[in-house]
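Inspection log for the structure reproduced underneath, given as structure tokens.
Note that this is a predicted model, so its numbers are computed, not measured. Letters A, B, ... mirror the listed sequences (proteins, then strands); counts begin at 1.
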Protein chains: 2
Amino acid sequence: MSRRVGLSTAAVVGAAVEVIDESGLEALTLAAVASRTGVAAPSLYKHVSSLGELRTLVGLRLLEEMTERFTAAVMGRSGAEAIAILMREYRAYVIEHPARYAAMPADPLHDPALAAAGTKLLNVFLAVLRGHGIEGPDAIHTTRCARAIMHGFASIEASGGFGLPEDLDETYERLIQMFVASL
Amino acid sequence: MSRRVGLSTAAVVGAAVEVIDESGLEALTLAAVASRTGVAAPSLYKHVSSLGELRTLVGLRLLEEMTERFTAAVMGRSGAEAIAILMREYRAYVIEHPARYAAMPADPLHDPALAAAGTKLLNVFLAVLRGHGIEGPDAIHTTRCARAIMHGFASIEASGGFGLPEDLDETYERLIQMFVASL
DNA sequence: AACCAAAGCTAATACCATTAGCTTTCTGGC
DNA sequence: GCCAGAAAGCTAATGGTATTAGCTTTGGTT
């Protein structure tokens, strides 16, 4: 009984992302993914070596998703405009997928499985700054500043940490102007 | 056998903070707290109604701890100096207690049990800005910006998200200058 | 047609939170 | 000083979780 379902690692990761989208990161459990894919929980081990690995693979997919999206958004733009667009796109992603953002790996460069994808994402930012004439150690500091601003705002917003929901656009535009003005 | 240990809710919360300090937020489990306090796990329910409540109580204690610390740091200072000191103190706390920072409630104002403590912490920031002549809706935006910058930088640093550990002081000073200059 | 590897399954283990109900210990009133 | 009751502890049991072991089925390849 129970015909073969035709699962794959990619399908398992996809189901995991769906679980996160629907029920939040803390609901990402092998049991939930198994139920969603129509399979018994231990069967998932044929495609994924552990829950920890599944989390890593989800993080990898999300990193790639962000990179692709940011690359497309910034294409054909340059200078301060490109920087502002990148920052707005970052926030837009988090608003669209707040639960996914919580699943984002905090230190991708430290995990060998994520380092390459993390570097690619970082390079989008470095490329935009280079187009603004910022390079070398300066670019490192500047990128860190941008990350801190974007991640800080986005993570607080995604977790509902700001009291009033209105005016958040204005707050974020202030941050963008603040950052751009400092360059 | 097993003489009375003399536990209290406060002692349980204290043990929970120790577990977090030593082994990280994910290690905060009733079993770990029970073992540390020398008690069987179900006995903790005499002092705490659930793991969720324990998490909330830990968050409450940490909020109060931060408020007290920031209040002391800023006392007697005013203007841009006070703002810079507050921002440095925020980061200093996170560097001293990275695991505790991860246990910090993301949206204290939304949880009735934390709202009062969250408001007090917020008021420290508002008071400092008021001393700089910023009030009303402007103060809301400005406080949000400060929060985003501090939280963003601190949480990335606490999770090891910045590649190189050196120069982080310089990056953070840049952010402080950027923020102060925007006022 | 038959084999074999991959993909599924069930059963079992270990750890977690939580509940129920029992026992011990301290404390307050006499 | 004693004793009743509440508070603080305990063990046992339940249900959810990840994970491992070992079995069965399936489907593609020879």
Side-chain angles (χ1 to χ4, degrees), chain A residues 1-62 99 102-103 105-106 111 113-114, chain B residues 1-62 99 102-103 105-106 111 113-114:
Chain A
M1 61 203 74
S2 77
R3 216 114 194 106
R4 197 168 287 211
V5 140
L7 226 46
S8 64
T9 300
V12 170
V13 173
V17 172
E18 288 175 16
V19 169
I20 291 172
D21 281 341
E22 286 180 17
S23 317
L25 179 57
E26 69 289 348
L28 175 55
T29 174
L30 287 182
V33 173
S35 143
R36 167 173 294 267
T37 54
V39 122
S43 305
L44 295 175
Y45 287 84
K46 289 289 151 88
H47 306 286
V48 134
S49 72
S50 70
L51 176 60
E53 194 201 38
L54 177 56
R55 291 203 186 106
T56 299
L57 292 175
V58 167
L60 179 61
R61 174 171 296 193
L62 299 184
D111 184 334
L114 301 174
Chain B
M1 61 206 73
S2 76
R3 216 117 195 103
R4 197 169 284 212
V5 141
L7 227 46
S8 66
T9 300
V12 170
V13 173
V17 172
E18 288 175 15
V19 169
I20 291 172
D21 280 343
E22 286 181 15
S23 317
L25 179 58
E26 69 289 346
L28 175 56
T29 173
L30 288 181
V33 173
S35 144
R36 168 173 294 268
T37 53
V39 124
S43 306
L44 295 176
Y45 287 85
K46 290 287 151 89
H47 306 284
V48 135
S49 73
S50 70
L51 176 59
E53 195 201 40
L54 177 56
R55 290 202 187 105
T56 299
L57 293 176
V58 167
L60 180 60
R61 174 170 297 194
L62 299 184
D111 184 335
L114 300 174

Show, in sequence, the C-alpha distance, side-chain angles and deciding distance for A:L44 and A:L7, and conclude whether the side chain to side chain contact (heavy atoms under 4.5 Å, CB included) test is met. CA-CA 9 Å; A:L44 295 175; A:L7 226 46; 4.1 Å; yes
Identify the heavy atoms of A:L114 and A:G59 that sit nearest to each other, and give their distance. CD2-C, 4.2 Å
Ignoring hydrogens, what is the shortest heavy-atom contact between B:A27 and B:A32? Give both atom names and the distance.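 The pair with the smallest heavy-atom distance is O-CB, 3.7 Å.
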Review item, nucleotides 17-21 of chain D N/O atoms under 3.5 Å of protein N/O:
residue, atom, partner, partner atom, Å
D:dT17, O3', A:T29, OG1, 2.8
D:dA18, OP1, A:T29, OG1, 2.6
D:dA18, OP1, A:L30, N, 2.6
D:dA18, OP2, A:T29, OG1, 3.2
D:dA18, OP2, A:A31, N, 3.2
D:dT19, OP2, A:Y45, OH, 2.7
D:dT19, OP2, A:L51, N, 2.8
D:dT19, O5', A:Y45, OH, 2.9

Indicate yes or no for a side-chain donor-acceptor contact from B:T37 to the backbone of B:A34 under 3.5 Å, with no hydrogens or angles considered.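 At least one qualifying donor-acceptor pair exists.
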Please answer whether the main-chain N or O of B:A10 pairs with a side-chain N or O of B:R61 as donor and acceptor at a distance below 3.5 Å.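 Judged by distance alone, yes, a pair lies under 3.5 Å.
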Whole-Å distance between C:dA17 C1' and A:E26 CD? 16 Å
Check whether any side-chain heavy atom of B:V17 sits under 4.5 Å from a side-chain heavy atom of B:V58, and report yes or no.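 They are in side-chain contact.
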Roughly how far, to the nearest 0.5 Å, is the CZ atom of B:R55 from the CD1 atom of B:I20?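 Rounded to the nearest 0.5 Å, the CD1-CZ separation comes to 9.0 Å.
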Under 3.5 Å, which protein N or O atoms sit close to an N or O of nucleotides 4-8 of chain D? Give each pair with its distance.
residue, atom, partner, partner atom, Å
D:dA7, N3, B:R4, NH2, 3.1
D:dA8, O4', B:R4, NH1, 2.9
D:dA8, O4', B:R4, NH2, 3.4
D:dA8, N7, B:K46, NZ, 3.1

Determine, step by step, whether B:L54 and B:L28 satisfy the side chain to side chain contact (heavy atoms under 4.5 Å, CB included) criterion, reporting the C-alpha distance in whole Å, the side-chain angles of both residues, the deciding distance to 0.1 Å, and the verdict. CA-CA 9 Å; B:L54 177 56; B:L28 175 56; 4.3 Å; yes
